[in-house]
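Each chain gets a letter, A, B and so on, in the order the sequences are listed, and its residues count up from 1.
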Amino acid sequence: MEQCKTSPMKNEAARIRRIFMLLKEHYPRARTGLRFENPYQLFVAVLLSAQTTDEQVNRITAPLFAAVPTVAAMAKMKAAELEPYLKSCGLYRNKSRYLVEASRMIMGEFGGALPDKFEDLTRLPGIGRKSANVILYAAFGKPALAVDTHVYRVSRRLGLSAAEDTAGVESDLKKALSPGEWGPAHHRLIAHGRALCRARRPDCARCFLKSCCPWKE
DNA sequence: ATCCCGAGGG
DNA sequence: CCCTCTGGAT
């Protein structure tokens, strides 16, 4: 109690460290649920994952990768030819168009190889800040912290950030963590958002972070 | 701020 | 019926 008055900032830092320590304990090896074997497959899976569950994405990508196995093959497709493969996921018209256009840009401007820099990735249609960060970390092993709907919601409930947009939350989380922790933290916040800190009906009663969480529904 | 947009849960 | 799912472009 006295520590709160004498050094509130230091106390807050300790609270945040405790949150990530507990997340690590409960989700020791949290990682992406998207199935992929190379950067091309991750690029496709991430682009498809917008407003769609990873399980649904995996159902789609299995036949899609068999039919369209490379960036070069994707670049030769027409959006209309691709749509049947994406029919069962949301936003399928946009996603079909983005996949073809982005693949053509990768062929034309990046020599057929998926770029490994944030500024290049976000130039690709359908790849924004979140998807670029996922690719940087999962495909290239670079320090990056993607803020998706789960990370955004959970971070704000936990008081890790009060930012009103994903870029602001990303900035706050990065400041609170060392670069080596960014990727794992991303996956653990998602795991927590799915398991307990759900968008609807969060299970605060069973939450192991209850004692260090300011949020009440 | 709005649009895209099927599947699954409640 | 309503809300949400590893968003991005206009």
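Of the N and O atoms on the side chains of A:Thr52 and A:Lys95, at least one donor lies less than 3.5 Å from an acceptor on the other residue.
By the side chain to side chain donor-acceptor pair (under 3.5 Å) test, A:His187 pairs with no residue at all, sequence neighbours left out. With sequence neighbours left out, A:Glu109 forms a salt bridge (charged side-chain N to carboxylate O under 4.0 Å, His left out) with A:Arg123.
Put simply, chain A comes within 4.0 Å of DNA chain C, heavy atom to any atom, from C:dC3 to C:dA9, going 5' to 3'. Close approach of DNA chain B to chain A, defined as any atom under 4.0 Å from a non-hydrogen atom of the protein, starts and stops at B:dC4 to B:dG9.
Classification of A:Asp148 and A:Arg129 as a salt-bridged pair fails, no side-chain N sitting under 4.0 Å from a carboxylate O.
Each of A:Ala132 and A:Arg198 has a nearest nucleotide on DNA chain C; the 5'-most of these lies closest to A:Arg198.
Sequence neighbours left out, not one pair with a member in residues 32-42 of chain A passes salt bridge (charged side-chain N to carboxylate O under 4.0 Å, His left out).
Nucleic acid contact class of A:Arg153 (heavy atoms, under 4.0 Å, all strands): sugar-phosphate only. Among the protein residues, A:Gly33 comes within range of the nucleic acid bases, having at least one heavy atom under 4.0 Å from a base atom.
Taking CZ of A:Phe65 as the start and CD1 of A:Ile60 as the end, the distance is 10.5 Å to the nearest 0.5 Å.
Less than 4.0 Å separates DNA chain B from at least one heavy atom of each of the following residues of residues 86-104 of chain A: A:Lys87, A:Ser88, A:Cys89, A:Gly90, A:Leu91, A:Tyr92, A:Arg93, A:Asn94.
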